[in-house]
Amino acid sequence: MIQCVHAMFYLAVWVAFAACSAPPVPLDDIIIEKTFEPEVCGRAVKVGDYVRYHYIGTFPDGKKFDSSYDRGSTYNVFVGKKQLIAGMDKALVGMCVNQRSLVKIPPQLAYGKGGYGDIIPADSILHFDVLLLDVWNPEDGVQSTTYLTPPTCVRKVEVSDYVRYHYNGTLLDGTLFDSSHTRLRTYDTYVGIGWLIAGMDQGLLGMCVGERRIITMPPSLGYGENGDGSDIPGQASLVFDVVLLDLHNPRDSIAVTNQVLPEPCPRKSATGDFVRYHYNGSLLDGTFFDSSYSRNHTYDTYVGKGYVIAGMDEALIGVCMGERLTITIPPHLAYGEEGTGSKIPGSAVLVFDVHIIDFHNPSDTTVMTVIHKPEECEKITKNGDFVKYHYNASLMDGSHIDSTHNYGKTYNIVLGANQVVPGMEEGLKDMCVGEKRHLVIPPHLGYGEGGVTDEVPGSAVLVFDVELVEVEEGLPEGYMFIWNDDVSPDLFTEMDVDLDQQVEASEFTNYIMRQVTEGRGRLAPGFDPYRIIDNMFSNQDRNGDGKITESEFRLKADEATHDEL
């Protein structure tokens, strides 16, 4: 038993020794061991393809005989056209970009019995550690794959369009060579007229704003045999991950869409009008850059006179009050190649969502529309009349300003006394009691450029719905007091109660008020009667001593410069 054990031990040692000392078993064919496989293999090498790869060549004992890494350049060659040793020609077929494989090639598929000079002995088995970096075919064209489609696409890129886009540029193995994102600036160029490499010129065609696309091109449509001299090697396929942000053509004019027209539209804006409007401004890709709403103030300007960018100047002519519209403006009608710096990039198409609040012309007058007029109208209003009326006030967009109904009383004024805005003065004239009018008052006849703080915006058109409730007839122009009866020939004596040949203020006031009370005289309605009488007394007190003498006292008929008596 012991002998058998010893015999088996010696046999095992002999077998192990024999195995270590025996020559390698000859290979009949190549052997490929994949040491790394990419998750996605977009394309595998086929016969006739052109490849770029790195390799390290060693003998079975690990001794290196060659390396592309040492030369700092990939090995570039057509596959299957006998430009390589047969084993490598065979091993590369089916490989994917970024795949790494250990390839063992027998001598008969390598350099055979002749070897290769002093580098590779005869009958050498060769090992190659291969990393495939690129593959393309002379018949390849541009390949475009859209991976994000915008919900709407009004227009697609065509030849001669000008585009703004961001991109990441990589080699086929994913090596980044350039990016517009790192420069924080889009790439801006014409398409299809030779300003770009041919592959990009083709790959951008048909894109929509907001679309994201992968554009892959062979070197013949990229930087060719020589590359770009720095980051892009010769014979390199290029991959661009592109997002299109903007698109226009130099022939473009403004485009107006999404119009919501009010009914009715009695008037449309014209050159020379002053327009108040709200807007939201964005770039074509939706990037917001400005809003009048955020400032809580309309944008106010004359139109057709170059006060705003040309595209907006054009779009604001022919609009209705209350209209909503979207205006798309190409850069040559906006801020051009330079943009505005921080918010609007150069060559940017602008999109404005606009709401027209109101507009007027400096030549406008008050527009008066009679809503109701009583059948009987014996007397109409005129300057000097004391009128009482109700009103509802609003802006042209319907925003409420004020209403007398909220206070439960009328608004009372003397017509022609500048107690209301000029447009209201005009709108209340020649009106009957019970009549209702709709007044549209331009700002120069309303509250002007300043408006009323927290109530009426500057340069706002006003809308009043007015109902005349009561009228007290005024005095003739220039009079604050008139006699209903004949004037007493002893007027001064009647005033001089204490018979001291002079009339004091109290005597004057008491006399005038008694005439009014007894119906023999009338003061101008709508004013403080005591202020009127004080003014009348001051005008008669010519030397200003606080008393009126008979020589100072005169009637209205006696002089044209005083109106008190």
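Computed from heavy atoms alone, side chains included, the values below leave out hydrogens, waters and symmetry copies. Position 1 is the first residue of the sequence, and the numbers go up from there. As the structure is a computational prediction, the values presented were derived from the model and not from experiment.
Shown here is Y167, whose OH atom has more than 12 heavy atoms of other residues, nucleotides or ligands within 6.0 Å. At most 12 heavy atoms of other shown residues, nucleotides or ligands fall within 6.0 angstrom of atom NZ in K436. Heavy-atom contacts from other residues, nucleotides or ligands closer than 6.0 Å to CZ of R212 number 12 or fewer.
Between R155 and D161, at least one side-chain N (NZ, or NE/NH1/NH2) sits under 4.0 Å from a carboxylate O, which counts as a salt bridge. Salt-bridge annotation for D290 and R295: present, with a side-chain N of the basic residue lying under 4.0 Å from a carboxylate O of the acidic one. Under a 4.0 Å N-O distance rule, the pair D385/K429 does not qualify as a salt bridge. Between R276 and D358, at least one side-chain nitrogen of the basic residue sits less than 4.0 Å from a carboxylate oxygen of the acidic one, meeting the salt-bridge criterion.
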CA sep, side-chain torsions, deciding dist, call: Y162, D246, side-chain hydrogen bond (donor to acceptor under 3.5 Å, both in side chains):
CA-CA 8 Å; Y162 193 89; D246 203 341; over 6 Å; no
Verify ring-ring contact (aromatic ring centres under 6.0 Å, His included) between F240 and F177, making sure each step is shown before the conclusion.
CA-CA 10 Å; F240 291 91; F177 62 80; 5.7 Å; yes
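The distance from the CD atom of E552 to the CG atom of N539 is 12.0 Å, given to the nearest 0.5 Å.
A donor-acceptor pair is defined here as one N or O able to donate and one able to accept, closer than 3.5 Å; no such pair exists between the side chain of D402 and the backbone of A393.
S180 places none of its side-chain heavy atoms less than 4.5 Å from the side chain of Y165.
Between Y302 and F274, the ring-plane angle classifies as perpendicular under the 30° and 60° cut-offs.
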